[in-house]
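See structure below.
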Amino acid sequence: MAKLKKLLAHWLGIEKQSPYVQNYFYAANMRASIYMSIVVIVLEVWMIIRMTRSIIEKHTQYKFWENVDSYYSNYLILLSAGLLMLTMAVRFVTGKQWVRWIGLLAAVFSAPVCVFEVWMISKYKPGAVDSHELQNYVILLSAGILMILFSVLALRKNREQKWENMTVMYIFSFVCINFGIILSAHAYERGEQILTFLTMELFVICLLIWKPLIGFLVLTGSYLIFFGRLGTLVAFNTGTVGITESTQINGFTMWLSTLMFCIANYNKTLSQALKDEHLEKMNAHLSEISIKDELTGIHNMLYFRTEAERLLGYVTTDRESIIYLFMDIENFKSYNEKYGFHAGNEVLIQIANAIETCFKGSLVSRFSDDHFVVLTRKDGCMEKIARISEEIKKCQREVHLELKCGAYQPVGDEADPSLACDRARFACNSIKKHYDRSFRYYDKSLEDKFQLKQYIVNNIDNAIENGYIKVYYQPVVSTETGKICGLEALARWQDPNYGLLPPGAFIEILEEYRQIYKLDRYIIEQVCRDYVESVKTGQPFVPVSLNFSRLDFELCDIVGHLTETVQRYQVPKEYMEIEITESALTDQQDFLPEAIRKLRKNGYNVWLDDFGSGYSSLNVLKDYQFDVLKIDMKFLSGFESNKKTMPIIKNIISLTQQLEMISLTEGVETQEQFAFLRSIGCNRAQGYLFGKPMPLAELRERIRNGLIAVAPEFLNA
Ligand code: C2E
Ligand code: CA
Ligand code: CA
């Protein structure tokens, strides 16, 4: 039953439509009204001219008032309705305000008609004239009054209202149909065709879009009135009262086909409106998600950048008072590790909300991970940051969370938000791990460092191409013999502008900008070349360990690249070993364990670098399989003063023995340290005691000079 009701409602077009669809119909009708009113205006002007000419030519001036009654007043009302409709529709479609003055013409033309109709009504005597005439006087008078009223209403600037426009459209349609009925009735009496009525019906019903039910009512009503009226007239051709059968059939056919067209027109427009609405919604949704951060619901960087650019583009923006803030939650990573991603996300949402609330009215976005940026006014900024800091402390459980904030104030007419955010971020990063500082301005001393950072990011490709990247080798010795049994390949950047840059100056930056794989791939290539060259020149060569960044596995197929390069240079796999730093393995990632397995399966030794430097060293040992365990140099740093150092290292060594791994301690600087390591059974040692990282040529020189020896098994590689 409900379904039937729905279907019927759909058929009749009386179902509830969304505001979008309603407006779509409204706009379509307004556009159609422009065409319709123009045609009507042209037609009526022509009719008036024709009529006047005929009066003058035929000298029928004595019939003037008769003509006003039957024709002029109808022409003028229709002309007025057309003008008013045109005014409303053009204003709606183009937004042009001056068109409202055209509407005033409608009042000018309607006024004499009104006066005339009042006069005619006052003269009217029942029985003397046809009652249809009286009807027409009243209709024309009412239409004239309404037209004057609406054209005055339309004079108000910017006050175009839907109901007014719609009412004018109805009046216009009504006047059109009435005109059709009157003129065709006259024509019928004269034995002419009833074309005006049919044309007006087509105009109103087919150009404008009506709901089927309303279309049906308008159409049927007007047909009944028209044919009812014809029925009372004496037809010219038959000389009798009433309409002929063929006129009836023709009328019915016209009625039916116009109705069908009306329904089809409605349905076509409706389906277009629904389609458009759907698209519009999709678009709105898309643009919503394209500017919102998915997790926290606050804006994302796309939005931030465009809005910031816009804001800075205004001449009225006081540049002196604005500031970029970059916020970072220290220890958030540990929080995530300890409580899981879900809990971490909850905290991020809470923090994002806190920042947005504190900086209400400012531009706030999530930069990435646990980083947020704000573009705001300087005044009151510190208090707001302090409030956020408090909010963050509320979120912490056992992991100490702390807000770090860097600030950058743009200079002059600088307008690049990305660069400004980068600078604020740089200031923020500079106070990371400084437990006594939580805020820093980007200042001159940071500027120089920042320039270097920009330089590195922009020049890594260039540096690789031009051979500025060098491989330095640091010896690894066997504790048993004190002879070299391995080399660690460490990158150096020999820059023409900045001189020799240590990895500390560029590794982290390359990782941050996800460029590190370029360097690591280049180092593989260089080491292979050095191997080939050594073999060619009959020099000894020992296995080299390469440092792989965690990101290498993510950013490229580093294992595939290694395999390919090693094959290309025909380097035995035993000569290539891979160091993966412990901290890389504490992130929850699926591809790393798999990559490590693959490396080992392919015949490479994999080392665990910097063991003991992170939080979850023992877990890493439990979960992964390594060939060599490299004990972080911080264990040896307190060797002389800290009594606990020795037992700790001793225990780690015995652990590696139990797990059947080779042990290596790095950072060995004194003979005492070396003697101790040997005494507890540590297999290998590395450190300044045996040599700093150095170019291959220098290493060979040292070997030649007998400062250090190579283990015998590698002497003739
Ligand atoms: P790492 O892998 O832990 O490398 C050992 C670092 O300790 C080297 O610093 C080395 O010069 C230094 N070192 C060695 N023995 C001693 C010692 O007895 N005392 C002291 N105080 N330091 C010693 P370097 O060459 O500056 O490298 C720093 C870090 O940069 C490396 O730490 C490694 O993580 C990274 N790195 C270097 N080259 C590359 C590379 O090609 N790719 C990647 N991904 N990372 C690299
Ligand atoms: Ca290393
Ligand atoms: Ca290390």
Side-chain angles (χ1 to χ4, degrees), residues 456 460 463-464 468-477 484 486-494 500-528 530 543-556 558 561-562 565 576-585 592 595 605-614 617 620 626-640 652 663-674 677 684-695 698-699 708:
I456 284 168
I460 177 67
I464 289 174
Y468 299 157
I469 305 291
K470 312 267 183 222
V471 183
Y472 274 37
Y473 292 96
Q474 187 181 30
V476 174
V477 303
I484 299 178
L487 295 172
E488 177 172 9
L490 292 156
R492 297 291 181 266
W493 181 323
Q494 180 68 55
L500 186 70
L501 296 170
F506 56 87
I507 297 288
E508 221 177 293
I509 296 169
L510 292 178
E511 285 189 332
E512 186 184 328
Y513 285 84
R514 302 170 83 81
Q515 305 280 306
I516 186 72
Y517 70 99
K518 294 182 179 168
L519 175 91
D520 286 344
R521 282 161 58 142
Y522 179 72
I523 299 286
I524 298 175
E525 184 101 18
Q526 270 319 99
V527 170
C528 287
D530 283 343
V544 173
S545 59
L546 306 157
N547 291 285
F548 274 11
S549 162
R550 175 182 67 82
L551 288 173
D552 293 340
F553 297 93
E554 193 181 318
L555 299 172
C556 71
I558 193 78
H561 183 81
L562 174 73
T565 315
M576 290 286 164
E577 312 197 273
I578 310 304
E579 293 189 21
I580 296 172
T581 181
E582 181 198 275
S583 61
L585 301 160
L592 213 49
N605 279 339
V606 181
W607 301 15
L608 178 59
D609 198 2
D610 304 328
F611 177 77
S613 64
S617 312
V620 169
F626 293 99
D627 303 285
V628 176
L629 184 85
K630 203 165 177 183
I631 299 159
D632 194 67
M633 60 185 93
K634 89 169 176 216
F635 285 103
L636 276 185
S637 63
F639 184 76
E640 277 78 21
I652 297 175
S663 52
L664 190 165
T665 306
E666 55 182 342
V668 182
E669 292 181 355
T670 64
Q671 280 297 349
E672 290 75 39
Q673 291 170 346
F674 186 47
L677 291 173
R684 298 178 190 177
Q686 178 185 3
Y688 292 171
L689 180 65
F690 318 103
K692 291 190 171 180
M694 56 194 119
E698 193 182 321
L699 184 68
I708 194 161

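Scope of the values below: all heavy atoms of this structure, side chains included, with no hydrogens, waters or symmetry mates. Just so you know, ligand 1 is whichever comes first in the structure, and atom 1 is the first atom listed for that ligand.
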*Would you mind checking which non-hydrogen protein atom is closest to atom 30 (O) of ligand 1, with the distance to 0.1 Å?*
Pro503 CB, 3.3 Å

*Any donor-acceptor pair under 3.5 Å linking the side chain of Asp627 with the backbone of Val606?*
yes

_Under 3.0 Å from the Ca ion (ligand 2), can any N, O or S atom of Ser545 be found?_
no

_Distance-minimising heavy-atom pair for Pro693 and Tyr688_ = CD-CE2, 4.2 Å

*asked:* Counting the benzene-type ring for Trp, do Phe674 and Phe690 have ring centres under 6.0 Å apart?
replied: yes

*Would you mind running through ligand 1 and noting each atom that sits below 4.0 Å from a heavy atom of Val668?*
18 (O)

*Give a yes or no on whether Glu666 keeps an N, O or S atom under 3.0 Å from the Ca ion (ligand 3).*
yes

*Heavy-atom pair with the smallest gap, counting every atom of Gln686 and Pro475*: CG-O, 3.5 Å

_Results of salt bridge (charged side-chain N to carboxylate O under 4.0 Å, His left out) for Glu579 - residues two or more places apart only_ = Lys630

*Nearest heavy atom to atom 23 (C) of ligand 1: which of Tyr517, Trp607, Tyr688 does it belong to?*
Tyr688

*In the protein, what heavy atom is nearest to atom 7 (O) of ligand 1, and what distance, to one decimal place, separates them?*
Met633 CE, 2.8 Å

*Residue from Ile456, Ile516, Asp520, Asn547 passing side-chain contact (heavy atoms from CB on, under 4.5 Å) with Ile507*: Ile516

*Which bit of Met694 gets closer than 4.0 Å to ligand 1, counting heavy atoms only: side chain, backbone, both or neither?*
neither

*Heavy-atom contacts under 4.0 Å between Ile523 and ligand 1: side chain, backbone, both, or neither?*
side chain

_I need the nearest protein heavy-atom contact for atom 15 (N) of ligand 1: residue, atom name and distance, please._
Gln474 NE2, 2.9 Å

*Determine whether the side chain, the backbone, both or neither of Asp520 has a heavy atom under 4.0 Å from any heavy atom of ligand 1.*
side chain

_Close approach of Pro502 to ligand 1, heavy atoms, under 4.0 angstrom_ = no

*asked:* To check your reading of the model: name the closest protein heavy atom to atom 38 (N) of ligand 1, its residue, and the distance in Å.
replied: Ala491 N, 3.1 Å

*asked:* Using every non-hydrogen atom in the two residues, find where Pro502 and Leu500 come nearest and quote the distance to one decimal.
replied: CD-O, 3.7 Å

*asked:* Considering non-hydrogen atoms of the protein only, which is the closest contact for atom 34 (O) of ligand 1, and what is the distance?
replied: Asn547 OD1, 4.6 Å

*Arg514 and Leu555: which non-hydrogen atoms are nearest, and at how many Å?*
O-CD1, 3.4 Å

*asked:* Using only atom types and a distance under 3.5 Å, with no angle test, would you say the side chain of Gln474 pairs donor to acceptor with the backbone of Gly691?
replied: yes

*asked:* As a test of reading the structure, name the N/O/S atom of Glu488 that is nearest the Ca ion (ligand 2).
replied: OE2

*Which heavy atom of the protein is the closest neighbour of atom 19 (N) of ligand 1, given with residue, atom name and distance?*
Glu669 OE2, 2.5 Å

*If you measure from each non-hydrogen atom of Lys692 to ligand 1, which part falls under 4.0 Å: side chain, backbone, both or neither?*
neither

*Mind checking whether Glu511 has a heavy atom under 4.0 Å from ligand 1?*
no

*If you look at Asp610, which of its N/O/S atoms is nearest to the Ca ion (ligand 3)?*
OD1

*Considering the options Asp632, Asp609, Leu629, Leu608, which one meets the side-chain contact (heavy atoms from CB on, under 4.5 Å) requirement together with Glu582?*
Leu608

*Is any N or O atom of Ile507, backbone or side chain, closer than 3.5 Å to an N or O atom of ligand 1?*
no

_So if I count the atoms of ligand 1 from 1 in the order they appear, which ones are less than 4.0 Å from some heavy atom of Asp610?_
3 (O)

_Could you check, using the six-membered ring where one of them is a Trp, whether Phe506 and Trp493 have ring centers closer than 6.0 angstrom?_
yes

_atom 8 (C) of ligand 1 - nearest protein heavy atom and its distance_ = Leu490 CD1, 3.9 Å

*Taking Gln673 for the side chain and Glu669 for the main chain, is one N or O donor matched with an acceptor at less than 3.5 Å?*
yes

*Count the heavy atoms of every other residue, nucleotide or ligand shown that sit under 6.0 Å from CD of Gln515, and state whether that count exceeds 12.*
yes

*Would you say Arg492 has any N or O atom under 3.5 Å from an N or O of ligand 1, going by distance alone?*
yes

*Just go through Arg550, Glu666, Gln686 and tell me whose heavy atom is the nearest to atom 5 (C) of ligand 1.*
Glu666

*Have a look at ligand 1 and work out which part of Leu546, if any, has a heavy atom under 4.0 Å from it: side chain, backbone, both or neither.*
neither

*Considering all protein heavy atoms, does one lie under 4.0 Å from atom 32 (O) of ligand 1?*
no

*Report yes or no: do Glu525 and Thr565 form a side-chain donor-acceptor pair below 3.5 Å?*
no

_Tell me whether Pro693 reaches ligand 1 (any heavy atom closer than 4.0 angstrom to a ligand atom)._
yes

*Compute the angle centred on the Ca ion (ligand 2) spanning OE1 of Glu579 and OD2 of Asp609, and express it rounded to 10 degrees.*
80°

_Heavy-atom closest pair, residues Ser549 and Glu511_ = OG-OE2, 2.7 Å

*Are there more than 12 heavy atoms of other residues, nucleotides or ligands under 6.0 Å from atom NZ of Lys692?*
no

